[in-house]
Amino acid sequence: MSELLNFNYPPEPAVDRVTLFADVILPLPLPKLYTYRIPFEMNDEVLVGARVIVQFGAKRVLSCIVADIHENAPADYQAKYILDVLDDKPIVTAPQLKLFRWIADYYMCTIGEVINAALPSALKLSSESRIQLHPHFNPEEDDIPLASQEVKIIYALQQNPALTFTEVGNLLQLKSYHKYIKSLIQKEAIIIFEQVSDRFSPKVVKKIRLTEHFVQEEGMLEELFNQLATKPKQLDILLNYLQKVPVHQNIHLNSAGIEKSVLANNPHLSKSSIDSLIKKGVFEQFDQIISRFPVDNTVSLQPMKLSEHQEQAKDEILGLFKEKDTVLLHGVTGSGKTEVYIDLIKHALEAGGQVLYLLPEIALTAQIVTRLIKVFGDKLGIYHSKFSDNERAEVWQGVLSGRFQMVVGVRSAVFLPFHNLSLVIVDEEHEPSYKQYEPAPRYNARETALMMAHLQGAKTLLGSATPSIETYYNCKTDRWGLVNMHKRFGEAQMPTIELINVREEQQRKNMHNHFSGKLVTAIEERLARNEQVILFQNRRGYAPFISCDECSWIPKCQHCAVSLSYHKYNNELRCHYCGYHERMPHDCPACGATTLRSMGFGTEKVEDDLKLMLPNAEVQRMDLDTTKKKNSYQQIIADFESGKTNVLIGTQMVTKGLDFENVSLVGILNADSIIHFPDFRAHERAYQLFVQVSGRAGRKGKPGTVLIQTRDPLQPIFRKVHSNDYTSLYEHEIEERMRFGYPPFARMIRITVKHPDEKISENAAIVLAKDLTDQLGTQLVLGPEVPYIFKIRNLFLNEIHVKLPRENVNLRAAKQAISKVIQQLYLLPDFKGIRVVADVDPA
DNA sequence: AGCACGCCGACT
DNA sequence: GTCGGCGTGCTC
């Protein structure tokens with residue numbers, strides 16, 4: 001049409017072919033973006049947020065994300081061409097790119113590191129990408145002129161199904177083999193083998209449904225019955241279909257159809273009859289991409305009934321959302337926060353927005369997932385670190401396509417490509433595991449979620465029974481809304497908490513290893529009543545260290561400044577920091593005595609001792625060592641839930657998200673190790689941990705009991721836990737924080753200097769601290785100091801803490817100053833090989 | 001992060 | 001005499 005109209009006009013001048021450039025984010029820890037030239041023919045294909053393939057350096061071929069497209073030719077270098085475009089739609093959304101920039105900025109890392117952490121590796125690809133012959137290319141017939149190097153490649157591809165780039169380089173004995181690959185791609189003789197299409201393949205099921213013809217018009221079904229009257233087998237199939245998909249009740253059910261295998265696997269029906277019905281045009285066959293996640297089809301559509309308190313909390317939250325973007329739901333364990341979340345999520349989904357529901361890793365259990373699937377069915381995406389890469393890529397694509405309207409996920413789910421977010425829920429908001437330690441980006445998913453919500457105009461609901469001091473402060477100062485739920489759901493009552501003075505019990509000779517007589521009796525009582533027990537010991541392994549009775553020798557890690565923990569199940573000594581392990585020696589390597597004794601105790605010893613004391617009890621242990629295997633976690637939970645296990649012993653893992661009706665006793669074996677922690681958050685943490693563990697005791701009318709073993713029962717923290725007095729904890733903590741200038745009154749940045757030489761590490765830290773002081777002032781820079789664990793993986797550590805008061809400090813400028821000082825430190829010849837890591841808002 | 005270029009020890 | 005150690009510096 002336009003050609004006809006243009007008939008009389010001169011052809012458009014060729015100059016109109018604009019030369020475009022793309023700034024790309026490489027998945028590498030590089031501070032800058034790199035500019036590539038877009039080949040004319042790709043002008044329309046290259047999109048911001050899509051992946052492209054570029055050559056970076058002499059050899060490497062990488063996929064990267066387009067951050068910007070422009071016409072500014074770089075002045076001081078020749079831009080290389082983009083080699084290929086991988087996506088016809090962006091896989092990173094605009095608000096995501098903004099978020100990623102914020103993360104890089106705030107957490108002092110590069111945007112490449114953010115991208116690298118964000119993309120599931122099925123969506124990344126590197127030099128390992130391969131080439132194969134173009135499916136339509138026939139080297140015998142196609143008469144394409146090929147250079148001799150190109151012939152070599154084609155020949156090799158006829159012998160091998162695919163070649164990596166490196167293999168091509170070796171084949172040609174050339175460094176710059178890439179132009180040949182490029183040329184062959186242009187000649188459509190080969191294609192680049194995307195790992196995306198290679199590694200990420202959606203799961204598909206074959207389904208059938210009635211053709212539209214039979215459902216659209218009234219009476220067509222009757223006619224169909226008449227038609228098939230003489231074909232009993234086919235009629236059977238039709239009846240069977242209508243029984244499973246009651247189209248006559250609701251014609252819309254037909255579009256979802258039914259899995260072909262359901263009918264085909266029925267012994268009374270024959271597959272060939274189904275096929276003839278398809279041929280006849282009665283049924284049509286179609287593929288449906290299905291989730292790799294088990295979907296419970298018994299989606300309960302009936303609205304779940306909220307209790308009066310839940311209903312009230314929900315209304316308050318919605319009311320506060322009218323004026324505030326962030327609300328904290330402060331609800332005791334067992335108050336039924338989850339139902340409130342589910343209700344709010346429903347509202348948000350009905351309004352057409354996307355929802356992200358964040359949980360700490362140990363709280364994202366099968367229990368909660370099953371519950372959500374029951375309500376949200378296949379709208380729900382699940383993002384868990386234990387999932388395979390394909391599964392993660394599937395969630396990513398599903399969020400992009402709109403298949404998953406909501407996602408429940410762990411920390412890294414904040415990277416998903418939401419573009420229309422309306423609600424974010426951060427459950428267990430206080431959890432330190434929302435903060436990533438290593439490697440960069442050292443982000444906090446709670447803060448990141450808040451920023452993401454802000455960028456997309458979404459509301460954020462934080463939930464906790466024991467809010468972080470920072471969060472509560474924001475509520476108290478009215479920046480955020482606060483909603484309380486202080487009653488347990490149903491008739492459930494708060495557990496009774498009882499302290500056991502270990503010191504006294506020892507004097508009375510009432511301790512059996514690490515169990516007080518009271519605790520053992522209490523456990524026996526529950527077992528007799530067929531009730532269940534959870535025991536908490538915040539240390540895995542058998543013993544944190546062993547020692548020789550004769551010479552006091554203690555085995556230490558060769559690479560880290562820690563003693564080795566004894567793990568009995570594999571008779572190993574193991575370092576919990578670097579993974580180093582050795583066989584447990586039979587006798588002391590230092591003096592030869594056979595008197596090696598384990599000191600202290602971990603979950604494994606608790607398990608051992610308990611089994612000796614109560615041989616009839618079914619005891620299970622849940623910690624990092626017993627849950628490494630893929631389904632072992634699930635199994636332990638299932639066994640406990642079914643009542644097969646009576647006593648569950650575990651670390652932090654047992655404190656979260658596990659709700660078992662029948663648990664009437666929770667024992668904390670050594671409370672003191674939790675309180676005495678050299679950190680300004682120690683009390684907050686201890687309180688949170690005690691309250692969370694206690695929350696496992698008692699449900700549905702039966703008040704539970706919590707027994708806490710301690711050597712120091714007068715610790716004020718116990719009184720607060722006992723009376724469930726969060727407010728008094730908060731008042732106390734916030735005053736301390738104010739007095740010493742800790743968060744929320746200041747932001748902390750922990751700078752760690754690492755070097756294999758102890759002296760160099762120390763000196764570099766001293767110089768760095770001085771430079772920082774020069775830049776920021778004395779009051780803001782603390783240290784350097786040698787941390788308690790002063791060596792990890794053969795690197796000696798020194799720490800500097802920078803405190804940036806909330807008021808009167810330009811955070812951005814301060815961080816830039818810090819980065820600059822670090823960069824300059826790298827240049828000093830005395831400190832070659834030094835590593836400096838900045839951790840913003842360390843946990 | 002890789003990978004190349006570059007300058008000093010034990011090997012055919 | 002060369003292969004190879006990993007130190008430093010760059011990658012659009």
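Letters A, B, ... are given to chains in the order of the sequence lines, protein chains preceding strands, and every chain is numbered from 1.
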In B/S/- notation (B base, S sugar-phosphate only, - none; protein heavy atoms under 4.0 Å), nucleotides 5-12 of chain C written 5' to 3' is ---S--BB

task = For the pair A:Phe415 and A:Tyr443, evaluate ring-ring contact (aromatic ring centres under 6.0 Å, His included) and give the outcome as yes or no after the intermediate values.
result = CA-CA 11 Å; A:Phe415 295 127; A:Tyr443 66 104; 4.9 Å; yes

Given the options A:His755, A:His559, A:Lys754, A:Leu795 meets side-chain contact (heavy atoms from CB on, under 4.5 Å) only with A:Lys754

Whole-Å distance, A:Leu62 CG to B:dC3 C1', equals 12 Å

Closest non-hydrogen contact found for A:Val836 with A:Leu825 is CG2-CD2, 4.1 Å

Ion pair check, A:Glu394 and A:Arg403, cut-off under 4.0 Å: yes

**Report entry** Carboxylate-amine/guanidinium contact A:Asp841 A:Lys435, below 4.0 Å
**Finding:** no

